[in-house]
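In what follows, a structure is listed as structure tokens, so that the remarks can point back to it.
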Amino acid sequence: MYSGLSYCIVGSGFSGSVLAERIASVLNKKVLVVEKRSHIGGNSFSDIDQATGIEIHKYGSHIFHTSNTTVWDYICKFGEFSNYQHKVMALFKQRIYQMPINLKTINDFFNKNLSPNEAIDFLNKEISSCGITNPKNLEEKAISSVGLNLYNAFIKGYTRKQWGKDPASLSADIISRLPVRFNYNANYFNDPYQGIPLDGYGQLFDRLLSHRNIELRLNTSYEEMAQYIPPDCMIIYTGMIDRLFDYKFGALEWRSLNFEWETKNLSDYQGTSVVNYSDESVPFTRIHEFKHYHPERTESFHAPQTVISREYPIAWQQGAEAFYPVNDTYNNERFNKYLYKAKRKSNLIVTGRLGLYKYWDMDTAIENALKLFERLKKSEIP
Ligand code: UDP
């Protein structure tokens with residue numbers, strides 16, 4: 001039994017690590033962090049590839065971006081960020097375009113030389129011919145933003161691969177993540193704060209969890225530890241909520257990913273960090289080339305080798321890594337049943353992207369962890 005233990009945090013992604021750091025350093029309480037994987041950081045984890053010296057994002061590209069000054073100020077205390085600005089290319093029918101859709105994409109795709117106002121008029125005609133006034137799903141939302149031709153080229157096939165579903169059955173929120181621009185701004189994100197940790201996400205998480213009040217147990221599931229946790233200890237659970245309740249109401253649906261890794265004997269494979277593959281006939285959705293995240297690391301950046309990974313979306317099965325929640329009515333209703341059960345336990349808080357079944361970016365996970373901590377501090381919880 002861990003006597004004197006006040007908090008046990010399950011999971012060491014951003015939600016778990018930020019809460020552990022705050023509780024340990026501000027409340028001066030002992031925290032046990034239990035992580036079933038062999039590393040900290042959840043899906044944001046990055047590490048050096050020993051053969052090439054290139055920092056790789058083990059679970060696909062993670063670019064930190066936020067508009068929230070509190071989040072930015074907080075996370076910058078644990079590591080310096082580069083001024084990397086994410087720009088993505090999309091390959092469709094053997095031609096390369098800028099993504100998200102901007103004036104360059106529109107001009108290249110329609111083989112035109114439109115000014116911003118001309119492009120707005122041009123796309124408005126495309127959009128109005130589709131007759132969608134009140135978009136109710138991803139397909140309608142996308143068509144009513146860019147018209148049928150651009151939708152068919154850059155969104156339909158990619159989305160069908162990504163989600164394994166018809167875009168008409170998916171929430172419009174998913175596509176609202178992507179801006180549409182009538183200028184030549186090629187940034188993937190609109191947020192004013194953006195970058196990559198200069199010494200990697202792995203180091204950032206090491207610092208978050210370095211407080212003497214924090215004990216970390218890797219390769220350990222919550223189920224293994226539960227018997228050693230004192231009954232008055234608060235459990236903050238950031239794992240999958242259905243697993244916590246032994247899938248009592250059935251497993252929640254997730255989308256998972258397979259990464260196919262390759263080291264190429266080339267200094268530069270694709271000229272940028274991410275290329276999306278829009279054609280449905282190509283089985284993967286994107287290729288990541290990680291050295292482009294660290295041009296400031298001149299040795300690995302100019303090395304004669306490069307590490308790439310092809311991203312293949314797959315259906316989630318028990319035991320696989322969960323990446324994207326399938327937030328349809330059916331799954332959200334089941335999730336609410338789990339949440340109701342969790343809320344009835346006085347020493348349990350479920351949070352995080354996995355726990356709350358939310359399609360959150362890293363900054364939203366941090367924002368929610370900081371807010372939850374403030375409530376804990378004021379003893380609003382339990
Ligand atoms: N999407 C698309 N084409 C693209 C990129 C994205 O249709 O080239 C759609 C797709 O439905 C995806 C959503 O936009 O699920 C959000 O994309 P984002 O890049 O934000 O997803 P993430 O980086 O979280 O995988």
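All values below were derived from every heavy atom in this structure, side-chain atoms included, with hydrogens, water molecules and symmetry-related copies excluded. Residue numbers run from 1 in the order of the sequence given. In this text, all values refer to a predicted model and were calculated from it rather than measured experimentally. One-based numbering, in listed order, for ligands and for the atoms of each.
Side-chain N/O atoms of Glu321 and Asn43 include no donor and acceptor closer than 3.5 Å.
Each of Lys93, Arg160, Lys161 was evaluated against Glu280; a single residue qualifies, Arg160, per the salt bridge (charged side-chain N to carboxylate O under 4.0 Å, His left out) test. In summary, of the residues considered (Phe335, Tyr330, Tyr338), a ring pair (Phe, Tyr, Trp, His ring centres under 6.0 Å) with Phe249 occurs for Tyr338 alone.
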Just list the N/O pairs, ligand 1 to protein, that are under 3.5 Å apart, with the distance for each.
residue	atom	partner	partner atom	Å
ligand 1	3 (N)	Phe154	O	2.9
ligand 1	7 (O)	Ile155	O	3.4
ligand 1	7 (O)	Thr159	OG1	3.1
ligand 1	8 (O)	Asn276	ND2	2.9
ligand 1	11 (O)	Thr159	OG1	2.8
ligand 1	15 (O)	Trp163	NE1	2.9
ligand 1	19 (O)	Tyr188	OH	2.6
ligand 1	20 (O)	Arg177	NE	2.9
ligand 1	20 (O)	Arg177	NH2	3.3
ligand 1	21 (O)	Tyr359	OH	3.1
ligand 1	23 (O)	Arg286	NH1	3.3
ligand 1	24 (O)	Arg177	NH2	3.1
ligand 1	24 (O)	Tyr359	OH	2.6
ligand 1	25 (O)	Arg286	NH2	2.8
ligand 1	25 (O)	Tyr324	OH	2.5

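Under 4.0 Å is where a charged nitrogen must lie from a carboxylate oxygen, and between Glu224 and Lys36 no such pair does. Look at Arg177 and Asp361 and you find a salt bridge, because one of the NZ, NE, NH1 or NH2 atoms lies within 4.0 Å of a carboxylate O, short of that distance. Between Lys264 and Glu289 there is no salt bridge, since no side-chain N of the basic residue sits under 4.0 Å from a carboxylate O of the acidic one.
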